Amino acid sequence: MKSLVIAEKPSMGRDIAKVLGADNKGDGFLYNDSFIVSWAFGHLVELYDPEDYDEGLKRWKRETLPIIPDEIKLKASKDGKKQLNILKKLMNDKEVDRLICATDAGREGELIFRYIYKFLKCKKPFSRLWISSMTDKAIKDGFDSLKDGGEYDLLYNSAKCRSEADWLVGINATRAFTLKYNVLLSIGRVQTPTLAIICERQKEINAFVPEDYFEVTADFGEYKGLWADLKKNSSKVKTEEEAAEIIAETKGKEGFVKNVKNEEKWQAPPLLYDLTELQRDANSKFGFSAQKTLSIAQELYEKRKMITYPRTDSRYLSDDMIPKIHSTLRLLSLTDTYREMAERVASLEKLPLSKRIIDNPKITDHHAIIPTDGRLRPEALSDEEFKVFDLIARRFTAVFYPYYVYNTTTIITEVNSHSFVTKGTTVKDPGWTALNIAGKKEKKEEVLPNVTKGQPQRAVKVTKKKKQTKPPALYTEAALLSAMENAGRFVEDEILKEQLKENGLGTPATRAGIIERLIAVKYIVRKGKSLVPTEKGMKLIEVCPKELKSPETTGRWEKGLRSVSKGKMEPDRFMGSIKRYVNFLVANPFNTNTGVVFAAEEIKASKKSAAKTFGACPFCGRPVLENTKAFYCGGWRNGCKFTVWKDELKTYGGEVTGVLIKTLLKEGTVKDVPLTLPQTGEKCRADIIINKDIKGLLELKNLKRI
């Protein structure tokens, strides 16, 4: 008898097959005497479209809302039918007596396998492979400790609730608001409150009125001091007249050192990386989008096998990983790039394994992202892969380095009852900051003279400088990721605030896709490193009810989903609350008169281009059409969101043409396209593909500088 192993994608299936010695090739699978290893291509099974229940639902009409089927059914995805039939045949094979779920060890990976298992009506028992690394050793260890599949039933229940709830809200709210305002308005549980955060910041900027103020600086010869109102802890002087008065009362006058305060301070190394923190640092340091960082990290995990599972929300390791920590440090010390810094840690008699590193209760599905204890070859990485791996390797090593220790000196000099503050910093031990890692916040060193309390000082020169208050900054991707992760600060309810501390908006694995989705539907645009809402995005948030745009709603959802995953809430109870919410959303736009008018829908095809098609939509199979702004799925009114905007390659000096779209839809790839790197202006060539996770996002692969 044989075990059928089902991986999430072919590359992972091949890695598993290699470890199991399943090197015989079949059609869509590999095998030996004990194992058959096959795979999915992500989601081979998806939820019904509305028209699959009733052909009349193909047309968007108010009277058909809300669409709430008694049972949300499954169907084969169009692109996955062949592989699904292969899996069906293998599952029904008499030689197969059990299955092993080897999809990603997380909520969505569980859903991919369970939907296939359910759709194909399989009844055979299955086990669960749960691993955090794709090295041969990790796979072997995982197969040595397989779990019974039933242990993950609650995780599946939570994933199924998330999937069906997103479908119900997305389908119904999108149709309701589109019909009300006669323009396609895409609505989503996480997407819409994320957009609201961006729009709220833009409203603050629009309403901001700059105010002039002045700063007054006194030069005491050996050092300078900034005038301050110590009671108000402020150095701002409101008017030029007040600044001139301070100057007149202090310039050339004798004063004295009123106080000298010296303090020694410590700064601990930053915690290990989770995905969101890695995306933030890669965006701040290299300008990488969150999606780009995730794609690179996934390559480093799956193909290079140099990092552990990247889609994690934990920043800690478990105590059973201590041997792996030692072996990883040893492997890093064998590389030219990391030899010196890793040897320093590896040579310690005892590693400083504090709660900042090892903390079992703070690990969720996976531990923090660290280098693997497999073969590490940083010299074989591409430039972009190396940048992301380097962040992870340096952060992993830095957590074992000493604290950054520095001394701060504060001098208060008083002249004619006016106080001037001088601050200086001297580094006592650079500690972990010597590694030049992202996220370091060491103080700029500024050595002050050795003065004593009561020492006389004369204000040799006193000057004023006009300044202006600044508006809040636009969100960068790094800042938005932080806002999504810490969405609780936008919520007043204390219980939900705590819930959002654990979950935030979206998950580390989905936040990048949410940002790209907001760009794809033209709710926001990138301007340099900033994310700016469009008029359409601002208007959408204006017409949305509070319940739809507040992170509070997502907090309630995540609280419920977590309760389902822990067995504290029945799935039916959770879905009942979702159905009531859907009824509210459908009624809201028609019962509310906002007075907001949207610009004519730019996605409607012109008469000239309406009849011209460019191929079949890769997600639903309907014809792809063109208008002045984009190539889009002709089934958009039925909920398909596939859209490729014509300016999508603009930042790379490229153009999305009809010829390119035709080739993409037919071949799946357009090879060797000449482009320009936006950060450096360098000429390059790359292959272009359509991202299978984000409908309409083009991805660059195999990028080579010329």
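Keep in mind the model is a prediction, meaning the values are calculated, not measured.
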- Message: Using a strict threshold of under 4.0 Å (side-chain N to carboxylate O), is an ion pair present between K9 and E302?
- Response: yes
- Any side-chain donor-acceptor pair under 3.5 Å between Q83 and S38? yes
- Item | R62 to F590 six-membered ring, cation-pi geometry met (6.0 Å, 45°) | yes
- Query: Does I370 offer a backbone N or O that forms a donor-acceptor pair with the side chain of T308 under 3.5 Å?
  - Reply: yes
- Ring center gap for Y632 and F642 short of 6.0 angstrom: no
- Query: Does K160 reach the side chain of Y115, with side-chain heavy atoms less than 4.5 Å apart?
  - Reply: yes
- Item | Donor-acceptor under 3.5 Å (N591 side chain, A587 main chain) | yes
- Task: Write down the atom of C544, the atom of T192, and the distance for their closest heavy-atom approach.
- Result: SG-CG2, 4.0 Å
- Item | Evaluation steps, side-chain hydrogen bond (donor to acceptor under 3.5 Å, both in side chains), between Y523 and S186 | CA-CA 9 Å; Y523 288 159; S186 172; 5.0 Å; no
- Query: Do NZ/NE/NH1/NH2 and the carboxylate oxygens of D281 and R395 come within less than 4.0 Å?
  - Reply: yes
- Item | 4.5 Å side-chain heavy-atom contact, M538 and C199 | yes
- How long is the span from the CG atom in L548 to the CD atom in Q191, to the nearest 0.5 Å? 10.0 Å
- Message: Using modelled atom types and a 3.5 Å cut-off, is there a donor and acceptor pairing between side-chain atoms of T312 and backbone atoms of H366?
- Response: yes
- Item | Spacing of I358 atom CD1 and N360 atom CG [to the nearest 0.5 Å] | 7.5 Å
- Query: Are the charged groups of D49 and K75 less than 4.0 angstrom apart, N to O?
  - Reply: yes
- Task: Over all heavy atoms of both residues, which pair between A630 and T643 is shortest? Give the atoms and the distance, please.
- Result: CB-CG2, 3.8 Å
- side chain to side chain contact (heavy atoms under 4.5 Å, CB included), paired with V525, selected from L518, T534, I519: T534
- Please examine the side chains of N588 and E547, heavy atoms only from C-beta on, and report whether any two atoms are closer than 4.5 Å. no
- Message: Taking I541's backbone N and O only, do any of them form a donor-acceptor pair with K549's side chain (distance below 3.5 Å, no angle check)?
- Response: yes
- Can E51 and R59 be counted as an ion pair, charged N to O under 4.0 angstrom? no
- Salt-bridged, E277 to R280, with N to O below 4.0 Å? yes
- Would you call E516 and R526 a salt bridge, taking side-chain N to carboxylate O under 4.0 Å as the test? yes
- With ring centroids as reference points, do F113 and Y117 lie under 6.0 angstrom apart? yes
- Message: Quick one about T510 and T507 (side-chain donor to acceptor, distance below 3.5 Å, no hydrogens or angles considered), yes or no?
- Response: yes
- Message: Would the distance check show the side chain of E8 and the main-chain N or O of A102 forming a donor-acceptor pair, the cut-off being under 3.5 Å?
- Response: no
- Say whether S318 and D320, considering side chains only, have a donor N or O and an acceptor N or O under 3.5 Å apart. yes
- Query: Is there a donor-acceptor contact under 3.5 Å from the side chain of R315 to the main chain of Y273?
  - Reply: no
- Is the side chain of S158 donor-acceptor paired with the backbone N or O of L561 at a distance under 3.5 Å, no angle test? yes
- Query: For L505, does its backbone N or O pair with a side-chain atom of R511 as donor and acceptor, under 3.5 Å?
  - Reply: yes
- To the nearest 0.5 Å, what is the distance between CZ (R573) and OG (S563)? 8.0 Å
- Distance (rounded to the nearest 0.5 Å) between R98 CZ and S127 OG: 4.5 Å
- Query: Under a 4.0 Å N-O cut-off, is there an ion pair linking E151 with R128?
  - Reply: no
- Note on the structure: Rounded to the nearest 0.5 Å, the CD1 atom of I197 sits from the CG atom of L531 at a distance of 12.0 Å
- Item | Test item: D52 side-chain N/O and Y48 main-chain N/O as donor-acceptor pair under 3.5 Å | no
- Would W39 and F29 count as a close aromatic pair, with their ring centres under 6.0 Å? no
- Ion pair present between D166 and R162, side-chain N to carboxylate O less than 4.0 angstrom? yes
- About how many Å separate CG of N157 and CG of D572, when rounded to the nearest 0.5 Å? 9.5 Å
- Query: How are the rings of Y152 and W130 set relative to one another: parallel (under 30°), tilted (30 to 60°) or perpendicular (over 60°)?
  - Reply: parallel
- Below 4.0 angstrom, N of the basic side chain to O of the carboxylate: do R114 and D153 qualify? yes
- Query: Would you call E699 and K292 a salt bridge, using N to O less than 4.0 angstrom?
  - Reply: no
- Message: So does Q279 get a backbone contact from the side chain of N283, meaning a donor-acceptor N/O pair under 3.5 Å?
- Response: no
